[in-house]
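What follows is a short report on a single structure.
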Number of protein chains: 2
Amino acid sequence: MTDTPRPSKRNEIRAQNETLILQAAEKVFAEAGFGGATMQLIADVAGLPKANLHYYFATKEELYRRVVQNIFEIWLHAADSMDGADDPAEGIGAYIEAKMEISRRHPNGSKVWASEVMHGAPVIQDYLETTLRDWTRGRAALIQRWIDEGKMAPVDPEHLLYMLWATTQHYADFGHQIETLNGGRPLDDLQWQAAKDSVKSMILRGIGAA
Amino acid sequence: MTDTPRPSKRNEIRAQNETLILQAAEKVFAEAGFGGATMQLIADVAGLPKANLHYYFATKEELYRRVVQNIFEIWLHAADSMDGADDPAEGIGAYIEAKMEISRRHPNGSKVWASEVMHGAPVIQDYLETTLRDWTRGRAALIQRWIDEGKMAPVDPEHLLYMLWATTQHYADFGHQIETLNGGRPLDDLQWQAAKDSVKSMILRGIGAA
DNA sequence: TCTCTCCTTGACCATATGGTCAGGAAAAGA
DNA sequence: TCTTTTCCTGACCATATGGTCAAGGAGAGA
């Protein structure tokens, strides 16, 4: 998808700075929202002068768009785990696993995504209408097939997908709340495992695939 | 909780304008986030001059805080539906119903709340640590009791609560996404009913209380 | 080495925004 | 009616912010 130009000092610097900026931007956008984020703060986090950001990303909007697109890629790729399976317990279980892992590894990305959608998807509306819609139709069909084959209860596939998204992403988007309720400490390895297991078992049982 | 001063033209005007501003603010904060919202825009939506907002609410932060507190009230009150029941199917079913109704009636409030938590709860951290924590402990204990009484499967009460919050609030916070996937139209009455039924049946079955 | 292209950045600018204030209008009370 | 208190608002201000630019520095190719 992204072409990798032959490495040279120049290209290295470019790639390095771009990812540096994108990482900083993701963090700042997640913590402050698009409106609350400032190019100056992103620059500080990235450890670069502000003018340098504008060399790589012309506008705040462009930088933001790149951040959101990156998340969307990751988000969609998690679906791969669902595809290979011919069993809901296996397929949906793996999908939950993958999405929980995303919530754990990319909480900021998840927040940016949530924020983007909450604000009416100003920059990725077209993706929602094309890529995401196709994706959703495909998985809904897959789920429907499983239902028809008697492998799970006859639930509404779309609402099942919403439940999967909601529940898994909640651990990133509302991570602060969960952390607060956990005595101010982030979930540790064991607690993450418990979270995954809980979500998986409740949902799989909920769709009659346990 | 809020004392109602004896009605007079003055107090009426005050109350009326405050709610007018709060409603406008809720909408604008939900759509633009705290950072993206401007006092000018809120004023325009409320149909008042900007200086008038500052007469009733000294600062943007104060106005925002009031909006968030209002949501929190509603949010907590939904729990009442869970309390009367001595059966998980009844109690949790009613709670889902109540929270789905909130998502439908107060989507903007839900978004403001989500945004606030996502950004680290800058203004309601103390509520999270006191009111919400107590609330959560109480309901977790209630759920545990149901489990001990053999009325439902032995799930982790906290993760069940997270799932309830996540799933129900998703219909407000990600309403735009759902609307897009629904062909650009908001869910109609029937679809909302289907959503409620889906969520309820999947979760209740998932906790062995169906 | 010389030249060209790309990278870096301090200084700068126009604008938008939160917030102020003085003075007037409208209720409330005496 | 007269006074006091509350409400209303246009004009104004200081500041923060996104974005620009010109001049210099560093790789790359010849």
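Lettering follows sequence order; numbering is per chain, from 1. Hydrogens, waters and symmetry mates play no part in the numbers below; they use all other heavy atoms, side chains included.
- Atom CD1 of residue B:I92 and atom CG of residue B:L142 lie 8.0 Å apart, to the nearest 0.5 angstrom.
- Of the residues in residues 28-54 of chain A, those lying under 4.0 Å from DNA chain C by heavy-atom distance are A:P49, A:A51, A:N52.
- Contacts classified as side chain to side chain donor-acceptor pair (under 3.5 Å) and involving residues 32-49 of chain B (residues at least two apart or in different chains) are given here: B:Q40-B:D44.
- Considering only residues two or more places apart in sequence or on other chains, A:E61 meets the side-chain hydrogen bond (donor to acceptor under 3.5 Å, both in side chains) condition with none of them.
- For B:S201, the side chain to side chain contact (heavy atoms under 4.5 Å, CB included) partners at least two apart in sequence or on another chain are B:R205.
- Side chain of B:S115 to main chain of B:G33: no donor-acceptor pair is present (N/O by atom type, distance under 3.5 Å, no hydrogens or angles).
- No side-chain donor from either of A:H106 and A:E26 sits under 3.5 Å from a side-chain acceptor of the other.
- A heavy-atom distance below 4.5 Å is found between the side chains of A:V67 and A:L22.
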Output a table of nitrogen or oxygen pairs between the protein and nucleotides 23-27 of chain C separated by less than 3.5 Å.
| from | atom 1 | to | atom 2 | distance (Å) |
| --- | --- | --- | --- | --- |
| C:dA27 | N3 | B:R10 | NH2 | 2.7 |

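- Residues from residues 56-65 of chain A lying near DNA chain D, meaning a heavy-atom separation below 4.0 Å, are A:T59, A:K60, A:E61 in numerical order.
- B:H159 pairs by the ring pair (Phe, Tyr, Trp, His ring centres under 6.0 Å) definition with A:Y171, B:Y162, not counting sequence neighbours.
- The CG-P distance, from B:N17 to D:dT9, rounds to 9 Å in whole Å.
- By the side chain to side chain contact (heavy atoms under 4.5 Å, CB included) test, A:R139 is found to be paired with A:A79, A:M82, A:D83, A:W135, A:L161, residues two or more places apart in sequence or in another chain being considered.
- Under the side chain to side chain contact (heavy atoms under 4.5 Å, CB included) criterion, B:T131 pairs with B:F72, B:L76, B:Y127, sequence neighbours left out.
- Every residue two or more places apart in sequence or in another chain was checked for a ring pair (Phe, Tyr, Trp, His ring centres under 6.0 Å) with A:Y56, and none qualifies.
- Remark: side-chain polar atoms of B:K99 are not paired, donor with acceptor, to backbone N or O of B:T167 under 3.5 angstrom.
- A sub-4.0 Å separation between OP1 or OP2 of C:dT8 and a side-chain N or O of A:Y55 is absent.
- Helix bend of the helix from C:dT1-D:dA30 to C:dA30-D:dT1: the angle between its two end axes, each built from five pairs, comes to 10° after rounding to 10°.
- Applying the salt bridge (charged side-chain N to carboxylate O under 4.0 Å, His left out) test to every pair with at least one member in residues 100-120 of chain A, sequence neighbours left out, gives these pairs: A:E101-A:R105, A:E101-A:K196, A:R104-A:D189.
- To the nearest angstrom, P of D:dA26 lies 19 Å from CZ of A:R14.
- Here A:N11 does not reach the OP1 or OP2 of C:dC6: none of its side-chain N or O atoms lies under 4.0 Å away.
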